[in-house]
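Step one of this worksheet: look at the structure below.
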Amino acid sequence: MNQLIKDKLALLPGEPGCYLMKAMSGEVIYVGKAKVLKNRVKSYFMKVHNKRTQLLVSEIVDFEYIVTDNELEALILEMNLIKKYDPKFNVLLTDDKSYPYIMITAERHPRLLITRQVKKDKAKYFGPFPNAHAANETVRLLNKIYPLRKCNKLPDKVCLYAHIDQCLAPCVKEIDASEYERLTESISKFLKGDISDVKKELEVKMMAAAQKLDFERAGEYRDMVAHIELTVQKQQVSFADFEDRDVFGFAQVDALICVQVFFVRGGKIIERDVSIFNLINDVHDEVTSFIAWFYQRGNVMPKEIFVSEALDTALLSQYLRAKVIAPKIGSKKKLVDLAMKNAQVALEQKRQLVDQKMERTEGAIAILGRLLGVAAPARIEAYDNSHHAGQDAVSAMVVFKNGKPAKKEYRKYKIKLADTKDDYGMMKEVIYRRYFKVLNETLQPADLIVVDGGIGQIRVVRDVLRSLGFDALLVVGLVKDDKHRTRALIDGRTEQTIPFTPQDRVAFHLLTQIQEEVHRFVINFHRSSHHTRAFTSVLDDIPGIGPKRKALIIKTFKTVDQMQCATDEAYVKLGIPLKVAQMIKEQLNK
């Protein structure tokens, strides 16, 4: 688990939502939903899982999340995101499954149906409803209460539904259109969430059945009420109108602004865009300008754009020549509120991540300066040596600026003069070569030099610096415990040990990071040098291999194993004569 994930886990909200797990390439590899984001996402990194989940966790290098108002919204959003990204770890959810809608047909004698395909016809659609069973139960209930047509084709005579008053019997009598209009309006009102009248009626029937000791019937009424409440639970992450719209929300904290855009396509949230930038002007002017720029840079203009009431919709409409709306009530207003809420969450997370990063960098060097009694060392250089039994001796320097690695300024050194079994001599050569160049090319010297060694290494480094006129340059060594972990500093001026306390932990972590980085860098360089020398020495003994052929072979095959396994034809293609290729393989096999 990397540091970014650790930091983000500490900032997860205790609210419902969706999370998107990302691989090193930036690809979304898993989408999930959670009733409590904080608990669910943390569980991936804190618990023991099955092999598939372990494989997922091993590939995660970052994650994002979208906060919703309830778990139902999170479920619907999860489906939309899975269809959008087709994550490889959501294999069981990548089919074309869709949620059911309740439909009032546009026929002369309308019917109430369940459908999974919403068409641009004159029918009325309500949903989607993730709980298909509850949706079916609700249709069954509505068909009992409202006597719409039940049959697919009008029969020649009345059916059972007409006899039990659950159908108006349009097959045998003329039904006025106003009657259907009254019924469909009542059903629409119910499905839009106004369930008070029907709920009261069912509760009265439930109590009456209970008083008659007909507990089975009372239980049926109770279950009907539960199905109704579950089915018509409000959510605003999907609409049945198929409209394409962008929804903008924003938040401001101190001198930062976050603008979050929900892309609604075909009535569903399928993607979002988050932008965080510095506040220069009035926040509303900044957001208005951002929206104008957002479409100017090439984003597709949808049919509708939803924004907060705080923004100037007339100005935006005029500039964009589009329909810009500030919803004031209903599910569309709640969708804007959701975008505003997510913008606030994203901005708070960003701000806290920045604060934590600053604590580990600027905060760490400030503590380091305090421990040494100097100003915070903005430029830190660290040196380390590596060799194998005196062969392939190399050194390396890494640079940290303001607590962060500056990889463009890393340097590698092959030992040329010093005894390759003498660590002090190697360090002396590298420091001299580096600071002779600093002196002659007026390069920036370090504020602090860190050597991976004790007092002996420090004295050698200080002697070299003194000879070049860098007497004031501060040098420290790292004291390690029996597990080779840094536990204290050695101040090169006094040669006294400065132990770390719990209050100094960020400085301790920074020095550990520097130590590990220079060690990694020099070891990789040593291995590279060793392989190059090994290839070179073997090839040098073979007649017919000159510098050009040697470089070509090393560049093509890279390892001894590849040289051994390569066919004669592969060598011949490089321009190597067949006899020479055979001699190469014979020599390598020896």
Side-chain angles (χ1 to χ4, degrees), residues 2 22-29 51-52 54-56 58-61 86-89 91 383-399 405-423 426 429-430 433-434 437 516-590:
N2 61 39
K22 294 186 173 183
M24 180 70 73
S25 62
E27 173 194 6
V28 175
I29 57 175
K51 290 184 178 180
R52 182 170 179 77
Q54 288 175 359
L55 181 59
L56 164 65
S58 70
E59 294 190 24
I60 297 171
V61 299
D86 191 22
K88 67 179 183 180
F89 282 96
V91 174
Y383 296 82
D384 198 6
N385 303 325
S386 181
H387 64 87
H388 181 69
Q391 289 189 323
D392 308 310
V394 295
S395 289
M397 174 191 76
V398 301
V399 178
K407 294 193 175 184
K408 289 184 179 180
E409 299 193 38
Y410 287 14
R411 294 292 181 268
K412 301 172 182 177
Y413 300 92
K414 287 188 176 181
I415 300 302
K416 298 177 179 179
L417 303 173
D419 182 346
T420 54
K421 294 182 180 180
D422 179 8
D423 281 342
M426 292 167 62
E429 177 182 331
V430 170
R433 287 166 59 183
R434 170 63 184 170
K437 187 173 184 178
E516 291 174 351
E517 179 68 355
V518 70
H519 185 67
R520 176 198 67 80
F521 191 56
V522 76
I523 288 297
N524 286 344
F525 181 39
H526 170 71
R527 288 172 178 165
S528 173
S529 300
H530 173 71
H531 288 312
T532 301
R533 183 188 60 78
F535 295 158
T536 304
S537 62
V538 170
L539 295 175
D540 281 344
D541 296 335
I542 301 173
I545 300 294
K548 290 185 178 179
R549 284 181 177 175
K550 180 171 62 179
L552 181 61
I553 292 170
I554 293 173
K555 181 179 179 181
T556 303
F557 299 112
K558 293 185 173 43
T559 67
V560 172
D561 286 341
Q562 289 184 30
M563 290 182 192
Q564 286 176 311
C565 295
T567 62
D568 292 342
E569 291 76 9
Y571 280 101
V572 172
K573 283 183 180 180
L574 294 177
I576 308 296
L578 180 60
K579 287 186 178 181
V580 175
Q582 292 171 346
M583 283 192 290
I584 291 172
K585 296 175 77 173
E586 286 178 13
Q587 183 69 21
L588 292 175
N589 288 332
K590 291 179 182 178

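Only heavy atoms go into these numbers, but all of them, side chains included; no hydrogens, no water, no symmetry mates.
A distance-only check finds no donor-acceptor pair linking the side chain of D384 to the backbone of V518 [under 3.5 Å]. Listed for the K585 side chain is a donor-acceptor partner under 3.5 Å among the backbone atoms of A566.
Counting all heavy atoms, side chain and backbone alike, E409 lies closest to V399 at O-CG2, 3.6 Å. In this structure, Y410 and P405 approach most closely via the heavy-atom pair OH-CB, 3.3 Å.
A search for salt bridge (charged side-chain N to carboxylate O under 4.0 Å, His left out) contacts involving R520 returns E517, not counting sequence neighbours. In this structure, the salt bridge (charged side-chain N to carboxylate O under 4.0 Å, His left out) partners of R434, at least two apart in sequence or on a different chain, are E381.
For the pair D423 and M426, the minimum side-chain heavy-atom distance is below 4.5 Å. A heavy-atom distance below 4.5 Å is not found between the side chains of M397 and V430. Contact check for K412 versus V394: no side-chain heavy atoms found under the 4.5 Å cut-off. In this structure, the side chains of K407 and V398 stay at 4.5 Å or more apart for every pair of heavy atoms. Using a 4.5 Å heavy-atom threshold, the side chains of I60 and K22 count as separate.
Here ring pair (Phe, Tyr, Trp, His ring centres under 6.0 Å) pairs that include residues 556-590, with residues two or more places apart or in two chains, are F557-Y571.
For the atom pair NE2 of H519 and CG of N385, the computed distance is 12.0 Å after rounding to the nearest 0.5 Å. Distance check: I415 CD1 to E429 CD gives 4.5 Å after rounding to the nearest 0.5 Å.
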